[in-house]
Amino acid sequence: MALLPIIHAPDPRLKVKSAPVEKVDASIAKLLDDMLQTMYAAPGIGLAAIQVGVPKRLLVIDLAKDDEPKQPLKIINPEVIDLAETDKIWEEGCLSLPEQYAEVERPEWVEIKYLDETGAERRLKADGVLAVCLQHEMDHLDGILFVDHISAVKRNMILRKLVKQRRMKATG
Ligand code: GNR
Ligand code: NI
């Protein structure tokens with residue numbers, strides 16, 4: 001397994017629409033494992049392939065707490081098949097926008113179909129944090145960040161902070 005570098009906004013790659021995985025093979029299985037290792041190390045609860053520079057429609061999620069057994073979810077080519085009509089607001093963060101948080105409104109549950117790491121089709125109906133995380137990761141596959149769901153004023157404030165943060169790190 002390998003740790004992969006995570007891309008930070010405003011890197012233009014984060015705006016790219018990722019392409020479907022055509023064949024679920026050993027290289028995809030390896031990428032999913034590397035993404036999980038990278039996500040655990042960050043630490044984060046989800047990671048989309050484009051966040052490590054790979055424009056493919058796959059993502060990993062694990063909501064297990066530190067003291068709980070791991071519950072890795074490996075999700076390839078996800079598609080929404082049903083969606084709540086009512087929304088819920090959650091505070092979101094993103095490994096590609098370090099230390100930035102905002103309240104985002106999204107459907108409170110979502111049902112998806114996807115391929116697992118063996119290429120088998122699966123379905124998943126998610127609510128709570130899992131629903132939030134799934135929608136956040138699926139947004140990444142379409143080049144959408146959580147800040148694209150908030151006002152332009154708040155979005156620009158966060159993006160300016162990131163640029164400033166990076167400048168401080170560069171100059172020390
Ligand atoms: O680790 C993460 N935490 C999180 C918290 C609230 C809503 C979404 C997330 S996903 C984020 C990891 C990440 O950036 N995934 O793309
Ligand atoms: Ni994210």
Side-chain angles (χ1 to χ4, degrees), residues 2-21 28 31-68 70-80 83-84 86-112 114 117 124-151 154-159 161-163 165-166:
L3 277 180
L4 308 169
I6 296 178
I7 292 174
H8 293 169
D11 191 306
R13 286 174 288 178
L14 291 168
K15 309 253 67 172
V16 163
K17 188 176 162 85
S18 295
V21 172
I28 295 294
L31 176 59
L32 286 163
D33 284 339
D34 289 347
M35 285 168 56
L36 273 171
Q37 193 193 4
T38 302
M39 181 191 81
Y40 291 135
I45 57 172
L47 190 71
I50 193 61
Q51 291 180 277
V52 292
V54 179
K56 292 192 171 130
R57 303 185 79 80
L58 71 167
L59 59 97
V60 294
I61 292 179
D62 194 331
L63 301 182
K65 306 263 184 338
D66 285 346
D67 57 348
E68 292 172 355
K70 293 200 184 330
Q71 299 169 29
L73 268 173
K74 302 172 182 181
I75 294 178
I76 302 165
N77 295 347
E79 286 175 47
V80 172
L83 202 61
T86 47
D87 286 353
K88 209 171 166 196
I89 295 174
W90 288 77
E91 171 131 300
E92 297 195 21
C94 181
L95 294 172
S96 296
L97 296 94
E99 293 160 52
Q100 306 304 318
Y101 303 90
E103 293 194 326
V104 177
E105 184 173 352
R106 300 184 185 273
E108 66 177 352
W109 59 261
V110 61
E111 186 174 7
I112 65 161
Y114 66 97
E117 70 279 14
L124 173 64
K125 189 166 176 180
D127 61 10
V129 192
L130 183 55
V132 176
C133 191
L134 255 181
Q135 293 177 79
H136 174 115
E137 304 313 337
M138 288 177 71
D139 268 357
H140 276 302
L141 306 184
D142 290 325
I144 296 166
L145 300 173
F146 80 80
V147 290
D148 295 320
H149 293 284
I150 63 181
S151 75
K154 287 186 189 164
R155 176 167 57 249
N156 289 333
M157 203 154 68
I158 286 179
L159 293 175
K161 272 197 222 161
L162 283 169
V163 170
Q165 237 176 41
R166 182 180 315 181

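Each ligand, and each atom within it, is numbered from 1 in the order the structure gives.
- The shortest contact between atom 8 (C) of ligand 1 and any protein heavy atom is with His136 ND1, 3.6 Å.
- The side-chain heavy atoms of Val163 and Leu159, taken from C-beta on, include no pair separated by under 4.5 Å.
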Pair Asp11-Arg13, salt bridge (charged side-chain N to carboxylate O under 4.0 Å, His left out): steps then yes or no:
CA-CA 5 Å; Asp11 191 306; Arg13 286 174 288 178; 2.8 Å; yes
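- Remark: the backbone N or O of Ala102 is not paired with any side-chain donor or acceptor of Glu92 at under 3.5 angstrom.
- When Pro43, Cys133, Gly44, Gly46 are ranked by how near their heavy atoms come to atom 12 (C) of ligand 1, first place goes to Gly46.
- The Ni ion (ligand 2) lies at the vertex of an angle of 100° between the NE2 atom of His140 and the SG atom of Cys94 (rounded to 10°).
- The pair Lys74-Asp62 does not count as a salt bridge, with every side-chain nitrogen at least 4.0 angstrom from each carboxylate oxygen.
- Of all atoms in ligand 1, listed by their number and element, those nearer than 4.0 Å to a heavy atom of Gln51 are 13 (C), 14 (O), 15 (N), 16 (O).
- Of the listed residues (Glu137, Met138, Glu92), the one carrying the non-hydrogen atom nearest atom 10 (S) of ligand 1 is Glu137.
- Ranking protein heavy atoms by distance to atom 5 (C) of ligand 1, first place goes to Gly93 N, 3.9 Å.
- Looking at ligand 1, you won't find any N or O of Glu91 less than 3.5 Å from one of its N or O atoms.
- Ligand-side atoms of ligand 1 in range of Cys94: 14 (O), range being under 4.0 angstrom from any heavy atom.
- Pro78 has its side chain within reach of Leu141: a pair of non-hydrogen atoms, C-beta onward, lies under 4.5 Å apart.
- Here the protein heavy atom with the shortest distance to atom 3 (N) of ligand 1 is Ile45 CG1, 3.4 Å.
- In this structure, Asp66 places its CG atom where only 12 or fewer heavy-atom neighbours from other residues, nucleotides or ligands lie under 6.0 Å away.
- The shortest N/O to N/O separation between Leu95 and ligand 1 falls below 3.5 Å.
- Within a 6.0 Å sphere centred on CG of Asp127, heavy atoms belonging to other residues, nucleotides or ligands number 12 at most.
- Annotation for ligand 1: atoms under 4.0 Å from non-hydrogen atoms of His140 are 16 (O).
- Side-chain atoms of Gln51 come within 3.5 Å of backbone N or O of Ala48 as a donor-acceptor pair.
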